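This report refers to the structure that appears directly beneath it.
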Amino acid sequence: GAKANENEIKIGINYELSGAVATYGQSSVDGILMAIDEINAAGGINGKTIVPVKSDNKSEPAEATTLANKLMTQDKVIAILGPATSGSFKAEIPVAEKNKVPVITGSATADDVTVDLVDGQVQYNDDGSVKGLKEYAFRICFSDSYQGSAMAAFAAENLSAKKAVIIKDTSSDYGKGLAANFLSTFMEKGGEVVAEEAYVSGNTDFNGILTKIKGMEFDVIYIPGYYQEAGLIIKQARAQGITDPILGADGFDSPTLVELAGADALNDVYYTNHYSSLDEDPMVVKFIADYTAKYGKEPDAFNALGYDLAKFVCDGLSRCETLDSESLKNALASTENFTGVTGSFSVDEKHNPVKSIVVIGLKNGEQDSSVKVSA
Amino acid sequence: MKNMLQKRWLKTLLSLVAAYGVVQLLIAVGVINDYIQATIATICINMVLAVSLNLITGFTGQFSLGHAGFMSIGAYVCGIITVANPTLPGFLLGTLAGAVTAAVVGFLVGLPTLRLRGDYLAIATLGMSEIIRIVFLNMQITNGAAGLNGIPQFVNWTWMFLFTAGTILLIVNFLHSSHGRACISIREDEIAAEAMGINTTKYKVMSFTIGAFFAGVAGAMYASYFYFLKPDLFNFQKSVDILVIVVLGGMGSISGSIIAAVLLAVISTVLQSFPELRMVIYSLVLVIIMIFRPQGLMGSREISAALFRKWGEGLKRVFGKEKERV
Amino acid sequence: MEQFLQQLINGLSLGSIYALIALGYTMVYGIIKLINFAHCDVYMIGAYVGYACMTYFHLGLLPSMLIAMAACTLLGMAIEKIAYKPLRNATRIAVLITALGVSMFLEYGTMFFVKAEVRAYPSMTGWMAQSFQVGGVNISMLQVIIMAVTVILMILLQFIVKRTRVGRAMRAVSLDKDAAELMGINVNSTISFTFALGSALAGAAGVLVGVYYNSINPLMGMLPGIKAFVAAVFGGIGLIPGAMVGGYAIGMIETMVDGYGNSLYKDAVVFAILILILIVKPAGLLGKNTREKV
Amino acid sequence: MLEIKNINVHFGVIHALKDVSLTVEDGKIVTLIGANGAGKTTTLRTASGLKKPTSGSILLDGKDITATTPQARVKMGISQVPEGRRVFSTMTVLENLELGAFLRRDKDGIAKDLATVYERFPILADRKRQAAGTLSGGEQQMLAMGRALMSRPKILFLDEPSMGLAPLLVQEIFDIIKVINETGTTILLVEQNASMALQIAHHAYVMETGSIVLSGTGAELSQSEEIKKAYLGG
Amino acid sequence: MAILSVKKLTKSFGGLTAVSNVNMELQEGELVGLIGPNGAGKTTVFNLLTGVYEPTAGTVTLTRNGKGKEIQGMKPFNICKAGMSRTFQNIRLFKDLTVLDNVRIAMHQNVKYGLASAFLHLPAYAKEEAQLVEKCMELLRIVHLDGKAGELASNLPYGEQRHLEIARALATDPVVLLLDEPAAGMNPAETAQLTELISWIRKNFQLTILLIEHDMSLVMKICERIYVLDYGMIIASGTPEEIKADKKVIEAYLGEDVNDA
Ligand SMILES: Nc1ncnc2c1ncn2[C@@H]1O[C@H](COP(=O)(O)OP(=O)(O)OP(=O)(O)O)[C@@H](O)[C@H]1O
Ligand SMILES: Nc1ncnc2c1ncn2[C@@H]1O[C@H](COP(=O)(O)OP(=O)(O)OP(=O)(O)O)[C@@H](O)[C@H]1O
Ligand SMILES: [Mg+2]
Ligand SMILES: [Mg+2]
């Protein structure tokens with residue numbers, strides 16, 4: 001029970017530690033645990049230690065639901081972090097609403113995670129409040145529409161692109177969401193998408209698709225997906241002699257992208273992200289240094305978002321009057337100007353972070369430019 | 001004969017009602033919380049899946065690796081219908097429609113592919129379920145990879161119980177009929193079965209269709225209880241998970257499937273305390289069980305009164321000795 | 001035309017990889033009629049061993065590949081001895097489930113030690129990083145190497161199985177273990193040898209794929225594993241040339257669907273063609289459909 | 001040559017052989033007869049190493065071979081025509097015969113023995129490229145015998161060689177067994193066709209439900225009233 | 001009246017003609033032997049008659065209740081329904097099922113209740129199942145297996161397995177019964193018992209029987225007529241006496257000293 005130890009605050013961790021997307025879950029949890037360690041080392045929350053209750057949902061939404069039930073009813077956690085993917089997170093939300101325990105994710109990007117949408121649009125009640133808001137669900141990452149539209153705008157305005165090819169990851173909601181939003185904004189801006197190709201996560205050979213689009217006319221390639229495949233697509237595209245700009249989203253943000261694609265291939269590559277390492281923000285610099293010291297490798301977007309996620313929740317906890325789920329929810333909803341390594345933000349009425357977005361340009365694998373854009 | 005049958009019916013009915021009542025009571029007094037209920041739901045769904053696959057693979061001898069495909073049809077059809085018509089009749093209609101659609105697909109797929117033998121059939125059924133999954137992945141109405149969200153939850157313990165007990169009863173009845181025996185004879189010796197006047201194609205397709213129907217029911221139960229569907233829930237791994245239950249319990253043993261579904265859920269629950277090693281331990285347990293009981297927990301036997309008596313005697317012997325020593 | 005030729009090359013190199021893995025499946029299937037699901041995970045381990053050799057010990061491709069093959073040989077033999085041998089007289093489906101268990105064990109055991117994240121293989125330099133333009137068609141040295149290795153291994157295996165003593169022993173064991181013993185064949189060592197051979201192949205494939213795509217992760221065996229298994233069945237499982245034909249067929253279909261069809265439905269098309277072919281040829285492309293004599 | 005001493009064999013709870021002892025002298029034909037399920041096949045399988053006895057010992061030329069593998073026994077000169085023929089069905093007739101000589105390395109000797117087998121069973125020469133599984137029952141029986149001979153055994157175990165053969169062939173098979181024996185191979189013969197077996201055997205054992213119940217020379221036993229009634233249909 | 005009439009039946013496997021131009025005619029109630037050297041094509045004839053193989057050429061006409069029907073090329077189960085049943089040279093029982101179930105399955109084609117009854121165990125089910133068991137037990141009594149109805153088929157001794165095969169074949173309610181080497185692997189005493197059983201069955205079921213057997217003691221004793229097959233062709237036919245005296249048959253099959261016990 002929750003009252004078992006007055007000096008502890010239990011936080012549930014419901015992540016994909018095995019199964020198809022274990023890599024996202026594991027990366028997030030690495031970041032989360034590092035943040036919790038830091039907070040506990042610094043005296044915890046009002047003298048109470050944070051105790052993470054870790055569990056593995058096997059990348060299955062039903063398991064995520066079951067575990068959420070377990071964490072809330074049996075372990076009596078004050079809040080749950082995760083899951084990483086929108087599907088599993090959505091599956092968890094009804095449990096959160098029923099038990100009135102907040103659930104917060106660092107990487108579920110689908111537009112309709114925290115609110116119900118009608119035809120992709122948020123609806124409002126007569127009193128101006130958001131209709132269909134998931135009261136107990138929060139996130140600290142971009143939504144797909146935000147990132148997709150931002151990149152479309154960047155392509156049309158900064159790169160003067162008229163024709164684009166989309167190569168999307170059809171197996172993830174992330175890829176699907178980004179692709180759709182990029183497409184609609186790009187067309188609004190007068191552009192044209194000449195081809196929409198698809199792959200599934202785990203694929204390694206994209207030569208067939210690339211040879212096909214090589215014969216087409218286009219200005220940019222948009223790859224809504226994760227670095228695992230994007231790295232290989234970029235590498236194979238460059239090897240085939242496709243030199244056009246390649247665009248992506250925060251799924252590109254990983255040191256492994258450079259290793260997979262090779263520094264030579266990473267020219268004219270742009271992606272939307274939360275922060276840029278060019279920022280030289282001391283917090284970011286320190287995070288990267290600490291993370292590298294702790295885990296022996298540089299952090300990627302999932303690590304950073306996991307780190308911020310734990311910090312964000314602890315920030316909420318420190319502002320709670322009484323340490324219970326209800327006041328935590330209220331504290332989180334009223335977050336203003338939280339500063340994390342993935343940017344500073346406030347929580348809006350839809351329980352999304354209001355964050356600025358940067359477009360990072362790569363040259364020989366190094367971050368070379370960063371442009372702030374708004375969607 | 002008739003008398004015996006009636007007695008068996010009565011006994012079954014009584015024990016079922018008792019099982020239902022006990023759980024219902026525990027839920028009412030709060031001993032069974034949401035978490036345990038969710039676990040029970042998983043067990044029920046797995047039972048329906050395993051028993052229906054056992055009909056195809058364990059009893060008719062047709063090696064299928066595509067059961068998740070049929071489950072997904074039931075789940076999506078039911079999910080979509082219930083979203084459009086979020087009432088109890090809507091849900092029941094959805095379940096029926098889902099199961100029937102799964103059965104129809106099973107029939108259409110089974111007709112040409114059941115000529116294949118052994119591993120070739122396994123591959124064809126695997127391919128079929130992958131095709132179904134990819135179609136769901138690319139359809140508008142299913143919302144593709146983003147998943148179908150917000151399916152109203154109508155399935156509670158009562159419905160879970162009705163569907164599960166119903167499926168098991170119907171399939172057991174079928175197996176104890178001449179039609180069921182015809183299916184079993186195919187597993188035993190297809191050539192001899194044909195020579196004895198069994199239309200093997202017809203019965204293979206029949207068993208496949210019935211199996212698909214109940215897999216569809218399981219899908220509907222899943223959709224309604226876990227209210228969120230996405231295509232990669234129903235991938236190859238899912239089919240394999242169902243097969244594992246069947247083989248672990250014993251091919252050709254309904255009680256085996258039931259026991260294995262419970263056992264695996266228990267193992268899985270215990271392993272939740274070891275998130276990092278969960279799958280490693282699970283796989284080890286699986287290998288060890290198979291090495292020590294290759295025929296599965298029950299072999300092809302069923303739990304019956306006689307077996308209980310045998311166990312009872314065994315226990316008595318063990319405990320008897322214990323007493324002597326004291 | 002140029003584009004078509006390029007797609008042909010793309011298809012062939014993808015097909016080579018499927019074929020290479022499928023050969024291992026087929027070898028093991030040929031002798032104990034087991035779909036060795038763990039095969040694709042041995043392949044994954046091979047890739048990791050090669051990775052370790054290259055990144056931590058800075059060995060070249062060939063020594064790394066040999067070490068990976070040796071490690072996989074041992075692993076394959078150990079798996080057979082520990083997990084499959086006790087089940088010699090069990091039903092095939094029981095062994096199949098065991099194989100699935102071993103497969104999961106290798107996947108998640110590896111994941112426990114190296115985490116789920118993707119790792120990048122060190123990239124090749126020098127002549128191996130080269131590529132040529134032949135009439136506007138781009139071929140890389142690695143593609144040539146992979147295709148050559150696959151064909152050579154296929155011929156070698158076919159020779160071993162059809163022409164050598166141990167090959168004959170393998171076929172005899174696959175047909176009737178007791179009778180084979182009566183011929184003086186050591187059934188256990190023959191099966192062990194088959195696993196060793198198949199696993200060595202998997203090791204080689206792992207390193208080659210690692211170098212070619214330079215991306216590895218603990219679950220990397222899953223997808224190509226299923227595809228290669230399908231390839232083996234497609235060609236007629238148990239037949240070495242069948243694995244080859246099946247591998248190339250699937251690689252080619254995938255590439256052509258990507259190139260000229262709708263990449264959304266790539267895998268669906270592969271499976272649809274597979275099912276159609278099996279309906280027409282129930283024992284695979286090269287398999288003979290023999291009806292049991294009664 | 002071969003001595004089986006007090007062997008016991010179990011299949012799970014079934015006690016299939018109970019203290020079975022028998023001796024096969026060098027150069028002789030010894031036959032083992034008995035009803036279905038008496039344990040004849042099990043005796044042969046234990047002697048050739050396919051089944052491990054729970055107790056007892058097996059000696060070949062005075063040497064204890066109880067713990068050796070079947071392969072080792074083949075090397076020492078034991079060969080068996082198993083019950084139900086067990087030919088390698090998808091391999092050709094020729095490949096089957098070659099497998100019989102699996103442990104031999106002398107190419108010339110193998111070629112010579114192959115010729116002898118073809119001479120003895122001409123039909124095999126005609127069918128040498130046919131898959132063994134599609135041969136008729138009798139043809140398969142001949143192949144199984146030919147295959148066993150290819151290892152040049154010192155002692156040959158035959159498990160019901162006449163089963164399913166045409167009368168003419170039954171006669172022929174027994175003639176061949178005699179010839180094989182005369183050319184120096186010791187033979188242990190299990191048969192249902194007791195009358196024929198007793199005719200050619202130097203010594204015979206009768207088995208019933210896992211035990212040897214009678215033994216004597218072939219001639220003696222074929223005169224025994226008991227045997228006549230039980231096995232000769234007389 | 002000819003119950004079974006075979007005309008110009010031919011079957012080739014690749015280059016090998018296993019059965020060529022076979023003509024046979026079985027009258028109602030006859031017990032006919034089919035003998036010949038190993039590999040002559042006897043089993044293949046059975047396989048052609050029962051639909052396991054499709055004939056390359058020729059017709060097979062089976063008469064039931066006075067109505068003739070060409071059955072060549074039909075599926076085995078349909079041929080069985082038309083009234084032809086068989087046993088197998090290599091026993092093919094449903095090994096893991098009980099003796100009773102082996103026979104019950106063979107009665108399936110005469111079961112009338114539908115799927116609804118099967119699923120819900122309606123009264124029709126109970127009634128017919130009870131009758132089914134009774135009929136099966138009757139058949140088992142005939143082959144002396146009624147005491148072992150609950151045993152698994154694989155646990156039966158060899159000879160009893162052969163008997164069970166015959167009971168199972170009878171359960172399909174045939175007009176013609178094909179027996180492929182029913183006495184193989186039996187000792188003379190068991191063979192004698194089997195001989196009696198076959199005659200008894202023929203008489204009491206009014207069956208027409210075609211029988212393959214290498215055991216001449218059995219064939220010569222109970223067959224009224226014999227066809228001799230060699231290299232796929234009928235080389236002789238006639239009464240046992242005629243066959244025993246036939247030069248060609250002696251040369252190809254019987255050998256000089258036939259012991260006609
Ligand atoms: N693999 C086995 N598992 C279980 N029991 C077996 C096995 N093999 C043989 N037995 C049993 O051992 C006993 C002896 O069988 P065996 O085959 O040696 O008899 P046999 O004298 O050769 O008979 P047949 O004349 O039928 O060939 C039988 O009761 C049989 O059921
Ligand atoms: N499926 C097949 N493919 C090729 N050849 C076959 C096939 N089936 C049978 N044969 C051949 O046809 C011939 C006849 O075989 P069949 O089994 O009918 O002989 P049989 O008369 O029953 O002999 P036996 O008395 O030994 O059983 C044999 O030479 C056999 O090799
Ligand atoms: Mg025997
Ligand atoms: Mg025959």
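Numbered from 1 within each chain, the chains take letters A, B, ... in sequence-line order. Hydrogens, waters and symmetry mates are skipped; everything else that's a heavy atom, side chains included, is used. Values in this document were obtained by computation on a predicted structure and should not be read as measured data.
Heavy atoms of D:S89 lying under 4.5 Å from chain C belong to its backbone as well as its side chain. With a threshold of 4.5 angstrom between heavy atoms, D:L99 approaches chain C through its backbone and through its side chain. For D:R73, no part lies under 4.5 angstrom from a heavy atom of chain C.
C:R168 forms no cation-pi arrangement with D:F102, by the criterion of a distance under 6.0 Å to the ring centre and an angle within 45° of the ring axis.
To the nearest 0.5 Å, the span separating CD on C:E181 from CD on D:Q80 amounts to 11.0 Å. Once rounded to the nearest 0.5 Å, the distance linking OG1 of D:T90 with CG of C:D176 reads 11.0 Å. Taking CG of C:L175 as the start and CE of D:M91 as the end, the distance is 6.5 Å to the nearest 0.5 Å.
Heavy-atom neighbours of chain D within the stretch residues 73-98 of chain C, taken at a separation under 4.5 angstrom, are nonexistent. Contacts from residues 182-190 of chain D to chain C, taken as heavy-atom pairs separated by less than 4.5 Å, involve no residues at all.
Options D:R85, D:K75, D:E98 differ in how many heavy-atom pairs under 4.5 Å they form with chain C, and the most are formed by D:E98.
No side-chain heavy atom of C:M183 sits under 4.5 Å from any side-chain heavy atom of D:V74. Side-chain contact between C:L182 and D:P82 is present, with at least one heavy-atom pair separated by less than 4.5 Å.
For D:K52, the NZ atom is densely surrounded, since the number of other residues' heavy atoms within 6.0 Å is greater than 12. The environment of D:F121 atom CZ is dense: over 12 non-hydrogen atoms of other residues, nucleotides or ligands sit within 6.0 angstrom.
Scanning all heavy atoms of the two residues, the minimum distance from D:R147 to C:A179 falls at NH2-CB, 4.4 Å.
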